[in-house]
Undergrad: 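Quick one: the structure is below, questions incoming.
Every heavy atom of this structure was used, including side-chain atoms; hydrogens, water molecules and symmetry mates were not.
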Amino acid sequence: MEQYSDRCDFTLILGGMVTGDREGPIGAKAQYILKSIPRLEQITGVRMGEAHKAMLREGTQWQSSLLPSKAIVAFRELMPERAIDFLHAIQVAHFDRGADLNDIALYPPIAVGMGIDEELYTALLADDRLTAMTEEDFAMVAQWGISGFPALAAEVGTRFYGLAHGYRNAGELEQLFDAVLKVDPTSA
């Protein structure tokens with residue numbers, strides 16, 4: 001984002017990876033995730049915290065994308081230019097410290113730490129409109145045909161380009177951005 005912010009506008013749109021019949025205790029997926037961690041760490045260079053691994057072994061933490069996505073949408077409404085920073089802080093809390101993404105108390109301190117008024121953020125997060133706004137994000141992503149996350153897409157002119165489904169390193173992302181920036185928006 002830093003490298004391309006002078007040439008691209010970035011918008012964080014939530015996909016709702018864990019919704020509907022996918023919601024539930026992490027237990028059913030925990031062993032698969034635990035076995036995948038060494039490879040994820042090798043590919044990404046990011047280390048999962050022991051608290052996160054302990055949470056997986058316990059297997060009871062509820063998994064749902066709705067509350068964490070609502071928390072991000074609330075932040076995005078108040079400070080859109082830092083929405084991805086907020087998402088990153090949430091990911092660190094979860095994947096390093098094992099924080100429960102479905103504990104509403106997780107989000108206000110992170111928002112406050114990024115300069116949002118706690119009372120304003122908490123009121124917005126409790127607003128029923130946020131559920132509809134979050135579900136609009138989910139529907140938009142589904143309409144685009146994106147079902148794997150993380151995903152990166154670009155809109156140039158009237159064309160939509162799916163750039164990445166899953167992890168991509170910095171070099172790969174640079175190639176993708178450079179290719180998209182060569183597209184003439186008047187022909188797309």
Side-chain angles (χ1 to χ4, degrees), residues 1-5 7-8 10-69 71-73 75-76 81-103 106-107 109-111 113-114 137-138 141-142 144-154 160-182:
M1 280 182 55
E2 290 173 14
Q3 184 174 341
Y4 290 91
S5 64
R7 294 175 277 169
C8 302
F10 291 89
T11 303
L12 178 62
I13 303 171
L14 292 302
M17 184 172 77
V18 183
T19 59
D21 61 358
R22 292 177 152 186
E23 294 179 334
I26 190 71
K29 302 171 216 152
Q31 287 307 311
Y32 170 79
I33 295 169
L34 282 164
K35 287 178 185 174
S36 300
I37 286 176
R39 179 152 167 69
L40 289 170
E41 290 178 338
Q42 178 186 15
I43 291 170
T44 66
V46 175
R47 299 285 171 242
M48 303 290 172
E50 289 306 314
H52 179 70
K53 293 174 189 174
M55 176 275 296
L56 289 168
R57 285 190 290 275
E58 183 180 292
T60 59
Q61 196 174 95
W62 186 262
Q63 301 296 290
S64 170
S65 293
L66 186 58
L67 179 60
S69 297
I72 295 164
V73 169
F75 188 92
R76 185 181 71 194
E81 70 280 6
R82 298 233 20 227
I84 293 175
D85 296 330
F86 184 72
L87 168 63
H88 182 257
I90 291 168
Q91 289 177 325
V92 169
H94 181 65
F95 292 111
D96 184 42
R97 300 189 302 272
D100 183 350
L101 297 179
N102 283 285
D103 177 1
L106 171 66
Y107 303 103
I110 297 172
M114 294 185 166
D137 270 26
F138 295 172
V141 169
W144 289 337
I146 297 172
S147 60
F149 304 100
L152 178 65
F160 175 81
Y161 299 90
L163 300 180
H165 295 95
Y167 176 79
R168 294 285 185 252
N169 67 38
E172 292 169 328
L173 289 174
E174 284 180 27
Q175 290 177 345
L176 292 167
F177 275 101
D178 289 342
V180 165
L181 288 170
K182 290 178 183 173

Undergrad: Determine, stepwise, if the pair F95 / V46 fulfils side chain to side chain contact (heavy atoms under 4.5 Å, CB included).
TA: CA-CA 10 Å; F95 292 111; V46 175; over 6 Å; no
Undergrad: Search all heavy atoms of Y32 against all heavy atoms of S36 and return the closest pair with its distance.
TA: O-OG, 2.9 Å
Undergrad: Would you call L56 and I26 a side-chain contact if the rule is heavy atoms closer than 4.5 Å?
TA: yes
Undergrad: Can you name the nearest heavy-atom pair linking E41 to K53, along with the distance?
TA: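 Smallest interatomic distance, heavy atoms only, reads OE2-NZ, 3.9 Å.
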Undergrad: Distance check, rounded to the nearest 0.5 Å: L67 atom CG versus Y107 atom OH?
TA: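 Result: 5.0 Å between the selected atoms.
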Undergrad: How far apart are the closest heavy atoms of T60 and P25, and which atoms are they?
TA: O-CB, 4.1 Å
Undergrad: Please name the pair of heavy atoms, one in A154 and one in L163, separated by the smallest distance, quoted to 0.1 Å.
TA: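 Scanning both residues completely, I find the closest heavy atoms to be CB-CD1, 3.8 Å.
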Undergrad: Nearest 0.5 angstrom please: S65 OG to E23 CD, how far?
TA: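 Between S65 OG and E23 CD, I get 7.5 Å after rounding to 0.5 Å.
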Undergrad: Which value, rounded to the nearest 0.5 Å, describes the distance between R168 atom CZ and I43 atom CD1?
TA: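 So the CZ of R168 and the CD1 of I43 are separated by 10.5 Å.
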Undergrad: Look up atom CG in L106 and atom CG in L101, then write down how far apart they are to the nearest 0.5 Å.
TA: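 Going from CG on L106 over to CG on L101, the span is 6.5 Å.
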Undergrad: Calculate, to the nearest 0.5 Å, the distance between atoms CG and CG belonging to L176 and L152 respectively.
TA: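 Output value for this atom pair is 7.0 Å.
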Undergrad: Please find the pair of heavy atoms, one from A111 and one from F86, that lie closest to each other, and give the distance.
TA: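 Nearest pair, atom of A111 first, then F86: N-CE1, 3.6 Å.
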Undergrad: Determine the minimum heavy-atom distance between A89 and M114, stating which atoms define it.
TA: CB-CE, 3.8 Å
Undergrad: Show, in sequence, the C-alpha distance, side-chain angles and deciding distance for I110 and F75, and conclude whether the side chain to side chain contact (heavy atoms under 4.5 Å, CB included) test is met.
TA: CA-CA 10 Å; I110 297 172; F75 188 92; over 6 Å; no
Undergrad: Could you walk me through whether R97 and V92 pass side chain to side chain contact (heavy atoms under 4.5 Å, CB included), step by step?
TA: CA-CA 7 Å; R97 300 189 302 272; V92 169; 3.9 Å; yes
Undergrad: Hey, mind stepping through L40 and Y167 against side chain to side chain contact (heavy atoms under 4.5 Å, CB included) and telling me if it holds?
TA: CA-CA 9 Å; L40 289 170; Y167 176 79; over 6 Å; no
Undergrad: Tell me whether the count of non-hydrogen atoms from other residues, nucleotides or ligands lying under 6.0 Å of CZ in R39 goes above 12.
TA: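 Result for CZ/R39: open.
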Undergrad: Is R76 reaching over with its side chain to a backbone N or O of L12, donor-acceptor style, under 3.5 angstrom?
TA: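 Checking the backbone N and O of L12 against the side chain of R76, a donor-acceptor pair under 3.5 Å is found.
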Undergrad: Just checking H165: does its NE2 atom have more than 12 heavy atoms from other residues, nucleotides or ligands closer to it than 6.0 angstrom?
TA: yes
Undergrad: Is there a donor-acceptor pair closer than 3.5 Å between any side-chain N or O of H94 and the backbone N or O of A99?
TA: yes
Undergrad: Answer yes or no: are there more than 12 heavy-atom neighbours, outside R47 itself, under 6.0 Å from its atom CZ?
TA: yes
Undergrad: Which value, rounded to the nearest 0.5 Å, describes the distance between K35 atom NZ and I33 atom CD1?
TA: 12.5 Å
Undergrad: With ring centroids as reference points, do F177 and F10 lie under 6.0 angstrom apart?
TA: yes
Undergrad: Between E172 (side chain) and N169 (backbone), is there a donor-acceptor pair under 3.5 Å?
TA: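 Answer holds: yes.
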Undergrad: Taking the side chain from R22 and the backbone from M17, do they hold a donor-acceptor pair closer than 3.5 Å?
TA: yes
Undergrad: Testing L87, I13, I84 one by one against I72 for a side chain to side chain contact (heavy atoms under 4.5 Å, CB included), which residue passes?
TA: L87
Undergrad: With the side chain counted from C-beta on, respond yes when L14 and F149 share a heavy-atom pair under 4.5 Å apart, and no when they do not.
TA: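 In short, these two side chains do not touch, never coming nearer than 4.5 Å.
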